[in-house]
Amino acid sequence: MTSTTARRRPYGAGTAPYAHPSPATARKGTLRAPYLFVLPAALLFLLFFALPIGYAVWLSFRKVKVSGLGLGAGARTEVWAGLENYTDALSDSELLNGALRVLGYGCVVVPVMLGLALLFALMLDSEKVRFTPVTRLAIFLPYAIPGVVAALLWGFLYLPDVSPFYFVLDKLGLPQPDLLDGGPLYLALSNIAVWGGTGFNMIVIYTALRAVPAEVYEAAKLDGATPLQIALRIKIPMVAPSLVLTFFFSIIATVQVFNEPTTLKPLTNSVSTTWSPLMKVYQDAFGKGDIHAAAAQATLIALATLVLSFGFLRAANRRNKQEAAR
């Protein structure tokens, strides 16, 4: 008689094997993953960018109503103002004069800065230039200096009493112009912006030049093109998108100029507290305590920046399409 011994069932036997996710579940997880990666950036954008902008727009449609002498509880209440703050801002002569000053400032800064950036980028891309890394760093280094520090540095160089340039001019018997008064003030402010912003724009254009295939230049040389012809007919057209991008950034920086005139203001009486539109916004918000009028002015400045920037981008894209169609 043979006895059978019951075999011990292995652990996990009789249970379902490891279940792989269904294709639908895997596809759902794949589609959800990008949103999880974007979520932190989206939350930061919402908390520190979108919500403050929305709050500023909401403030621009309200105002403070004062009852009686404005003393006691409930004497100052916030009420709906509609478009009153915007109409006041558009009729404010100080804001309009500041916009005109910034327009003149931009007419000097943008062409000079982008012209120098393009020139330096073309020079660094030349085969005859030596010590390119050191030269590139020297041109870019002013951009790494904070705007307030740069304005203070140049401000003391502009002051006749402490500037070494005025000392040299005095010893040579040459005239000593006051760069912080009258028309030269625009040149003084523009010089600070050009000195600090040329390096960044140069890096953008130079990077685009380095991306051009070397075969293009070799073919042009075989056709007998000179270095000047290569620069004018090949390099500059090839970096046109970078020029558009740098012009876009320059417009935004010009409209929002604030550091340079604010820093130079204690050094001269020619710079008022409302010299630029953003200085006017700061003065109304923190000097006069009228945050509602300041919010309306800030919203108008933002809209003007959007119109100028995207208007230029649209014009540039239209021109590119026309050239491509030819």
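Since the structure is predicted, the reported quantities are computational estimates derived from the model, not experimental observations.
Residue Phe258 places its CZ atom among more than 12 non-hydrogen atoms of other residues, nucleotides or ligands, all under 6.0 Å distant. Heavy-atom contacts from other residues, nucleotides or ligands closer than 6.0 Å to CG of Asp223 number more than 12. Remark: Phe61 CZ is packed, more than 12 non-hydrogen atoms of other residues, nucleotides or ligands lying under 6.0 Å away.
Contact between Gly98 and Pro277 at its shortest, heavy atoms only, is O-CD, 3.5 Å. Across all their heavy atoms, Ala89 and Leu95 have their closest contact at O-CD2, 3.5 Å. Across Phe140 and Ile203, no two heavy atoms sit closer than the pair CD1-CG1, 3.5 Å. Between Ile192 and Leu264, the closest heavy-atom pair is CD1-CD1, 3.9 Å. Pairing each heavy atom of Val194 with each of Val109, the nearest pair is CG2-O, 4.0 Å.
In this structure, Thr254 and Val102 have side chains that are in contact, with non-hydrogen atoms separated by less than 4.5 Å. Between Ile252 and Ser309 there is a side-chain heavy-atom pair separated by less than 4.5 Å. Residues Val149 and Pro146 meet the side-chain proximity criterion, which asks for heavy atoms closer than 4.5 Å. By the 4.5 Å heavy-atom criterion applied to side chains, Leu39 and Tyr35 are not counted as neighbours. Counting heavy atoms from C-beta on, the side chains of Val271 and Met279 come closer than 4.5 Å. Residues Pro175 and Leu169 fail the side-chain proximity criterion, which asks for heavy atoms closer than 4.5 Å. Trp275 has its side chain within reach of Tyr105: a pair of non-hydrogen atoms, C-beta onward, lies under 4.5 Å apart.
The hydrophobic cluster around Val216 extends to Leu118, Leu122, Ile205, Leu209, Val212, Tyr217, Leu228, Ile230, Leu232, Ile234, Ile236, Met238, Val239, Leu243, counting ILVMFWY residues whose side-chain heavy atoms fall within less than 4.5 Å of a member. In this structure, Ile291 belongs to a hydrophobic cluster whose other members, linked by side-chain heavy atoms under 4.5 Å apart, are Tyr55, Trp58, Leu59.
Here the straight-line distance linking atom CG of Leu303 with atom CG of Leu308 works out to 11.0 Å at 0.5 Å rounding. To the nearest 0.5 Å, atoms OH (Tyr206) and CZ (Arg136) are separated by 5.0 Å. Taken to the nearest 0.5 Å, the OG atom of Ser270 stands 11.0 Å off from the CG atom of Leu179. If you take CG on Asp170 and CD on Gln176, they are separated by 4.5 Å, rounding to the nearest 0.5 Å. Rounding to the nearest 0.5 Å places CG of Asp92 at 6.0 Å from CD of Gln297. Rounded to the nearest 0.5 angstrom, Glu94 CD and Gln283 CD are separated by 8.5 Å.
Checked for salt-bridge contact, Lys63 and Asp290 miss the test: no charged N lies under 4.0 Å from a carboxylate O.
Taking hydrophobic clusters as Ile, Leu, Val, Met, Phe, Trp and Tyr residues chained together by side-chain heavy-atom distances below 4.5 Å, Leu152 shares a cluster with Val162. Cluster annotation: Leu119 and Val204 are assigned to the same hydrophobic cluster (Ile/Leu/Val/Met/Phe/Trp/Tyr, side-chain heavy-atom contacts under 4.5 Å, transitive). Under a hydrophobic-cluster definition in which Ile, Leu, Val, Met, Phe, Trp and Tyr are linked whenever side-chain heavy atoms come within less than 4.5 Å, directly or via other members, Leu46 and Phe48 are assigned to the same cluster. The cluster map of Ile, Leu, Val, Met, Phe, Trp and Tyr, joined by side-chain heavy atoms under 4.5 Å apart, puts Leu83 and Trp80 in the same cluster. Transitive grouping of hydrophobic side chains (ILVMFWY, heavy atoms separated by less than 4.5 Å) keeps Val255 and Leu103 in distinct clusters.
For Thr268 (side chain) and Leu180 (main-chain N/O), a donor-acceptor pair under 3.5 Å exists by modelled atom type. Within the 3.5 Å criterion, the main-chain N or O of Thr226 finds a donor-acceptor partner in the side chain of Gln229. A donor-acceptor contact shorter than 3.5 Å links the side chain of Ser91 to the backbone of Asp88. Not one N or O on the side chain of Asn85 forms a donor-acceptor pair closer than 3.5 Å with the backbone of Ala296. Of the possible donor and acceptor atoms, none in the side chain of Asp125 sits under 3.5 Å from a partner among the backbone N and O of Ala121. Not a single donor-acceptor pair under 3.5 Å links the side chain of Arg101 to the backbone N or O of Ser276.
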| Under the side chain to side chain contact (heavy atoms under 4.5 Å, CB included) criterion, do Leu278 and Val257 qualify, and how do the steps go? | CA-CA 7 Å; Leu278 278 188; Val257 61; over 6 Å; no
| request: Begin from the C-alpha positions of Leu114 and Ser250 and carry the test side chain to side chain contact (heavy atoms under 4.5 Å, CB included) through to its verdict. | output: CA-CA 9 Å; Leu114 295 186; Ser250 300; 3.7 Å; yes
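Inspection of the Tyr158 and Asp181 side chains reveals no N or O donor paired with an N or O acceptor under 3.5 Å. One side chain, Ser60 or Tyr86, offers a donor N or O that lies under 3.5 Å from an acceptor on the other.
Taking the side-chain contact (heavy atoms from CB on, under 4.5 Å) definition, one finds that Leu96 meets it with nothing, sequence neighbours left out.
Note: Phe312 and Phe247 have tilted aromatic rings, judged against thresholds of 30 and 60 degrees for the angle between ring planes. The aromatic rings of Phe248 and Phe310 lie perpendicular to each other, with more than 60° between the two planes, well past the 30° mark. In this pair, Trp154 and Trp195 present their aromatic rings perpendicular. The plane angle is above 60°, beyond the 30 to 60° band.
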